[in-house]
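In this text, all values refer to a predicted model and were calculated from it rather than measured experimentally. Naming: A, B, ... by sequence-line order, numbering from 1 per chain.
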Amino acid sequence: MSRWLTQLRLAFRSVFRRKRVDQELDEELQYHLQREIDEGLTTGLTPEEARYAALRTMGAIAKSKEESRDMRRVNFIDDLLRDLRYACRSLRRSPGFAALAVFIMALGIGANTAVFSVVNAVLLKPLSYRNPDRIVILSTRVTTSAADAGQVSLDEQVSIPNFQDWHDQSSSFEAMAYYGSREAPVMTGGTAEYARGTAVGPEFFRVFAVKPLIGRFFTAEETKTGSDGVMISHAYWQSHFGGSLGALGQAVRVYGRPLPIAGVLPPGFGFPDKTDLWVPARVSPEDMKYRGAQNWLAVGRIKPEVPLGRAQAEMTTIGRRLEQQYPEANKNRTVGVTRLRDEMVGDIRLTIYLLFGAVSVVLLIACANTAILLLGKATARTREVALRAALGASRRRILRQLITESLLLSLIAGASGLLLAYWGSKVLVALAPVGLPRLTEIGIDRWVLAFTFGVSMISSLLFGLVPALYASKLDLNETLKQSGARSVMGGGMVRMRGVLVVGEIALAVVLLSGAGLLIKSFVALHNVTLGFRPENVLVMRATVPAPFQARAPAMLSQLKP
Amino acid sequence: MQGTLDLLILKIVALEPMHGWAIAHRIRQMSSEVLLVGQSALYPALHKLEHQGWIEAEWKISETNRRAKYYSLTRAGRKALAQEAANWERLSGAISAIVRAV
């Protein structure tokens, strides 16, 4: 280990403190020379003779220096730095080409980074709950046989009696809870507004394994009886109570009913749909009684040792049993167990992958474009390459030089692409369909950075390798014999350019027709006749708390002109 | 012979830390003037061994009151020396056996 470290330290020193190392080598050899001279002097030579003799025995000092340097085995890094410097110079020499290539690649890489930031946030990043993969949505799975589509499954809500049986008969779950969520009129202090309120069953917070930031949860008894009390989200606490501890016990009026605040949830928790307030569910007597009253949603937390498949199998068995027991309410109904993340992401997954596919094609087009630019440049620099080859550079060495140049281009483009993606992901968020889950989590994090870096590296090979291969493969004799600036493009190069152009056009056609189809169905969707004239028609919704129901018609008539 | 100089250097600096000139001097002395190591071979070898982590270098004031780079054996170098020496014994034994037989 320490030996390895020593080697690394020495390698670093040879690269970055090159002058110092060379000086030391000089001093070392100088010392040797001096000792040889001293030796000569003791045998009775004159200083002049001693010096001459010493130099003769020492042989070629320059050669020894060069060999000592080679022994440090850091040529690779040395070469890389030299290649980078050379690449910088070469790009500066043709700023137009460099700007164009960077611009094209920045578009490609930027688009990919922006879409990847969405993929990352929506599909890849784990949900911010404890062991999120064990949280599942439980649903009534209705199977219908359609004449044209065969068997179709649909997930629906659950009734309280069915839920109770699921809960009591299953053993795969740590906790299982029903809940219902809606926009509710809420009064805090003097202001009335709509806030998202969720009525929850007894084990709801255990499913998510959260603890209140301050205060306490409802007791099991409180939840069972649907007693008065409310939990508020961290965001609601901050915006309405300024994060004050005094909020505990204060009353919030929900549907006109004053509820004392029992506790505040930790920041970031807002299941479902950024809930502001949670109240113990009050289940109506009808809901208690009818198995057909599928008015509730359900979540559960699977036990650590139980795989999803086994939980699903158990719930299917329970569902079958309930179907036989209560055929009139449960015909063709079993239980669906879906990971929360899959449920949240749902159909959007396909859309996002489609988008990802589209921007990948854009990147390929950008690469083809840049490759064509580079091929053109390769033709112009055949003489330069030939000269380097004539001076003894191996083909591999020239290839490396050219690829370093592509790499530099690509990395600059990647950095600019990151900027584009930063704005781009904001645009994507603004354009995103309503209900796209986890929107607020979209942004640039280390995974996105790593992705951009990786894409830049890969693209540099994609667009740089072929032109570099062509540029480095040349007939020295022929090229050097050609006079002056006129250089002829080889047949292979012409063919390659043709292939690239064809590929690029093919990709562009795919992309355009895809986009065209999307736009067509979008337009068709907008042109569906509604059967009425939607101009000047407004939709309005008002919630009237039960105590004021009698006054509702009078209030409504006030709105009429 | 390839690697022989490495073995000699390792063996010499195993005795005590020494600078380049002294190493060459000592090799000449110990071999009774048979082995003469020029600096053109010595210093590349020293630098190679240093970068392999078998010897380490330190600047000290020499017996002639000048700054000199002293080389000494590392732990890894000690192991390498044992192995190289064993290899050498085997090889030289084998060669001399053949030479004597013929």
Side-chain angles (χ1 to χ4, degrees), chain A residues 1-18 20-43 50-51 53-78, chain B residues 2-3 5-6 9-10 12-13 17-29 33 35-81 83:
Chain A
M1 184 65 195
S2 70
R3 178 174 164 220
W4 188 78
L5 275 179
T6 313
Q7 287 179 339
L8 197 69
R9 191 177 55 81
L10 287 171
F12 259 113
R13 204 159 166 266
S14 317
V15 174
F16 295 108
R17 316 218 36 205
R18 200 192 171 108
R20 180 82 198 276
V21 171
D22 282 349
Q23 260 171 18
E24 284 186 1
L25 182 60
D26 267 349
E27 193 180 342
E28 200 177 5
L29 292 174
Q30 207 60 57
Y31 178 82
H32 193 105
L33 181 65
Q34 190 60 51
R35 291 300 299 260
E36 287 289 322
I37 295 173
D38 292 350
E39 188 93 334
L41 285 176
T42 55
T43 57
R51 187 173 174 76
L55 278 174
R56 211 177 32 207
T57 56
M58 281 190 67
I61 292 188
K63 181 164 166 274
S64 143
K65 271 193 208 170
E66 197 50 53
E67 276 174 20
S68 299
R69 222 172 267 141
D70 282 349
M71 284 306 170
R72 288 185 223 129
R73 293 186 301 178
V74 287
N75 283 337
F76 176 80
I77 308 172
D78 262 6
Chain B
Q2 194 73 38
L5 180 58
D6 292 357
I9 293 175
L10 289 176
I12 298 290
V13 298
M18 227 175 272
H19 51 73
W21 183 82
I23 293 172
H25 196 71
R26 184 67 66 88
I27 290 176
R28 202 171 76 195
Q29 246 180 11
E33 311 269 324
L35 299 171
L36 302 177
V37 182
Q39 56 87 38
S40 54
L42 177 66
Y43 287 96
L46 281 173
H47 283 240
K48 187 187 77 188
L49 291 172
E50 185 188 358
H51 273 258
Q52 279 173 337
W54 288 353
I55 56 177
E56 54 193 3
E58 195 186 355
W59 286 93
K60 284 192 202 164
I61 301 299
S62 77
E63 60 277 11
T64 55
N65 262 335
R66 283 190 53 180
R67 242 164 66 88
K69 201 174 175 189
Y70 277 77
Y71 294 93
S72 55
L73 207 61
T74 63
R75 273 246 303 272
R78 201 165 294 281
K79 259 188 240 164
L81 171 59
Q83 201 174 355

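At a heavy-atom separation below 4.5 angstrom, chain A is approached by B:K69, B:Y71, B:A76 within residues 69-80 of chain B.
Annotation: side chain to side chain contact (heavy atoms under 4.5 Å, CB included) contacts of A:E39 (sequence neighbours excluded): B:W21, B:H25, B:R28. Residues meeting the side chain to side chain donor-acceptor pair (under 3.5 Å) test with A:R51, sequence neighbours left out: none. Every residue two or more places apart in sequence or in another chain that forms a side chain to side chain contact (heavy atoms under 4.5 Å, CB included) with A:E27 is listed here: B:W59, B:R67.
For B:L36, no part lies near chain A; criterion is any non-hydrogen pair under 4.5 Å. Neither the backbone nor the side chain of B:E56 comes within contact range of chain A; no heavy atoms are under 4.5 Å apart.
When side chains are defined from C-beta on, A:R35 counts as touching B:H19, because their heavy atoms get closer than 4.5 Å.
Expressed to the nearest 0.5 Å, how far CD of A:Q30 lies from CG of A:L25 amounts to 11.0 Å. Rounding to the nearest 0.5 Å places CD1 of B:I9 at 12.0 Å from CG of B:L81. Annotation: the span from A:H32 atom NE2 to A:E36 atom CD amounts to 4.5 Å, rounded to 0.5 Å.
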